[in-house]
Amino acid sequence: MSLTSSDNKFYSWLDDRVGVSGFIKAAEKKEVPVHKQSMWYYMGGIAMVLLAIQGLTGILLMVYYVPEISSAHSSVLFINTQIEFGWFVRSLHSWAANILIFILFVHMFSAYFMKAYRKPREVTWFSGMALLGICFAFGFTGYLLPWDEIAFFATKIGLDIAGKTPFIGGVIADLLRGGAEIGQGTISRFFLIHVILLPIALFAVAGLHLLLVQLHGMSEPESFKKAKKKKYEKFFPDFLVKDFMVWLFFFNLVAGIVALFPWGLGPEADPFAPAPAGIKPEWYFLAMFQFLKLLPPHIGPFEGEILGIAFFGVLALVLFVAPFIDTGKSKAVSKFFDVYGILFTIGFVGFTVWGMLD
Amino acid sequence: MIAGTRRVFVRWITGVFAALWAGMASYPFFRYLISGTKKKQAGEELVTSISLGSSEEFLPGASKNFKFGSAPALLVRSEDGAFHAYNAICTHLGCTVQYNEEKKNIWCACHGGVYDTASGKNLAGPPPKPLKALNVEVKEGEIIVSRA
């Protein structure tokens, strides 16, 4: 007797009240195209699993973490050294966060190069960009919480950059900093943004993103659309089983990395000590960091870094508005976005590697 | 036509009132969040001058990062024996600067900005402005740093 058979009393009881068979039928109807680029379809699912790890380990960390200036660093040290498997939970949180950012980049660029942002998936694309922004905000706010030396300066630089936004920058930086200098006010505000506001935003936007993916089905690349023979597989159970295997692999991979390279904790932040020599941001900010170092103090009437930051904004904006411009009607425009994406990726990887070696 | 104009007007005025209401309703919450950033934290007071100990013990070439009010500051004694003090906040992106003994200049580790020790002028790297100077006096052998 199968689990979903009408002979199964519990199943039919549940089905009468919740309508489970409707969901299963919809899932069985959903098909996933099979082609050379199918591997990119797994990225969103991997991101989801990593986010689930973040949620779970985040809740566990809050059991011992104290968001108070004189206790924050020691409470993370306590988790790392005194609590059984504390190092494991804390390292999972830090490592999965970094791997998540990497997977999100891959997810975004695979969708970008497959032109998956075109009609009718524009809103799916925008919601994906919003999710990337939310994850960056998670990263920025979470980074400060252990209150170590590098966290302090990373926040200082980040808030200074935010403060340079024309008109509203000052107010935004003040609201986030919670005082004239980074201190208890900043920890309190970053903590509540990290554990309350961003998770709410994440649930809302990720819900929309997933709903739209279900509504439109998987995007098919041009080469597949033109193919004479198209092969599909069922989402349920065929694709989902493979999805599970990939998720399992990723969980094991992250756990393996964590066991081999547990995440460290720097010396406690001292707001009056100079920035330590050789200080560098996390890898995903390294390209921007390296680029900013090259800029002269003044370019024309503007301060170099303001122009540099505006330049990054424009670079990201082009990705954001791609669905409006590259609608598929013009081959030249389509080609432009291909080249743009390739240059963006080369530039990002190049500056990141340079930053690592420098 | 008249009915249409009236409808447009009513819609417009409703929109204006809705915006006014939204602004009014969110104002207390905005003030709640922003006013905490302007108030002094407990135990914090405005510092106008600070003593940094004996000038005889502070040899030429020596430097010290110290707390001046709520901000980081830097004291350097250059090779000619003169004292220089600055607000130690890099004018680029706000990192805390330090004295580079080897190169005899003030340096920021974050993005490699370099400043002149004697004047605080930005010499190299991305900083757009000089460091903000503080006054240094030696009174009866004691180094006193005060706001410029």
Side-chain angles (χ1 to χ4, degrees), chain A residues 69 149-150 152-164 170-186 188-189 192 269-281 288-299 302-309 358, chain B residues 29-44 46-47 50 63-76 86-102 106-115 121-130:
Chain A
I69 194 158
E149 207 170 42
I150 184 156
F152 178 80
F153 286 107
T155 308
K156 205 151 193 192
I157 293 173
L159 288 178
D160 237 58
I161 289 176
K164 288 189 194 283
V171 174
I172 289 177
D174 277 351
L175 281 175
L176 289 172
R177 201 186 295 109
E181 301 296 332
I182 292 172
Q184 180 57 52
T186 326
S188 299
R189 285 166 193 233
L192 80 88
D270 174 357
F272 304 102
I279 188 168
K280 273 179 194 178
M288 290 198 272
F289 168 83
Q290 192 64 15
F291 187 81
L292 279 184
K293 276 210 290 199
L294 299 178
L295 293 179
H298 294 278
I299 301 170
F302 302 103
E303 285 184 11
E305 86 264 3
I306 292 184
L307 224 56
I309 291 155
D358 200 12
Chain B
F29 302 110
F30 173 72
R31 291 306 309 169
Y32 175 89
L33 289 170
I34 200 89
S35 64
T37 71
K38 309 290 180 202
K39 296 271 186 292
K40 271 185 228 135
Q41 303 279 328
E44 189 183 286
L46 186 70
V47 172
I50 185 173
S63 68
K64 186 182 185 176
N65 276 81
F66 61 98
K67 177 180 187 292
F68 190 78
S70 61
L74 173 68
L75 176 72
V76 184
Y86 302 98
N87 198 327
I89 300 170
C90 183
T91 57
H92 177 227
L93 290 174
C95 275
T96 309
V97 299
Q98 58 191 297
Y99 182 61
N100 184 336
E101 270 185 63
E102 212 173 286
I106 295 169
W107 173 68
C108 178
C110 287
H111 302 92
V114 177
Y115 301 89
K121 197 176 173 300
N122 45 322
L123 294 179
K129 282 185 285 229

- Message: To check you understand the geometry: which heavy-atom pair defines the closest contact between B:N65 and A:F272, and what is its length?
- Response: CB-O, 3.7 Å
- Query: Side chains of B:P128 and A:H298: does their closest heavy-atom pair fall under 4.5 Å?
  - Reply: yes
- Message: Please identify, among A:G163, A:P297, A:P296, the residue contributing the most non-hydrogen atom pairs under 4.5 Å to chain B.
- Response: A:P297
- Message: Would you say that more than 12 heavy atoms from the other residues, nucleotides or ligands in this model lie under 6.0 Å from the NZ of B:K129, or not?
- Response: no
- Query: Side chain, backbone, both or neither: which part of B:A124 has a heavy atom under 4.5 Å from chain A?
  - Reply: neither
- Using non-hydrogen atoms and a 4.5 Å limit, figure out which bit of B:P126 sits close to chain A: side chain, backbone, both or neither. both
- Going by heavy atoms in the side chains, are A:P274 and B:V97 under 4.5 Å from each other? no
- Task: Of all the heavy-atom pairs spanning B:H92 and A:D160, show the shortest one and how long it is.
- Result: O-OD2, 3.8 Å
- In Å and rounded to the nearest 0.5 Å, what is the CD1 to SG distance from A:I279 to B:C108? 8.5 Å
- Flag side-chain contact, heavy atom, 4.5 Å: B:H111 against A:L295: no
- Item | Backbone of B:L93 reached by a side-chain donor or acceptor of A:E305 within 3.5 Å | no
- Identify the two heavy atoms, one from A:D174 and one from B:I34, that lie closest to each other, and give their separation to 0.1 Å. CB-CD1, 4.0 Å
- Answer with side chain, backbone, both or neither: which region of A:L292 has an atom nearer than 4.5 Å to a non-hydrogen atom of chain B? both
- Item | Non-hydrogen atoms of A:A277 and B:W107 that approach each other most closely | CB-CH2, 3.8 Å
- Residue A:P281 versus chain B: region with a heavy atom under 4.5 Å: neither
- Bottom line for A:A273: the part with an atom under 4.5 Å from chain B's heavy atoms is backbone
- Message: Once rounded to the nearest 0.5 Å, what's the spacing between atom NZ of A:K280 and atom SG of B:C110?
- Response: 12.5 Å
- Looking only at heavy atoms, which two atoms of B:C95 and A:F153 are closest? And how far apart? SG-CD2, 3.9 Å
- Task: Grab the two heavy atoms, one from A:A275 and one from B:Q98, that are nearest each other, plus how far apart they are.
- Result: O-NE2, 2.8 Å
- Note on the structure: Rounding to 0.5 Å, atoms CG (B:L33) and CZ (A:R189) come to a distance of 5.5 Å
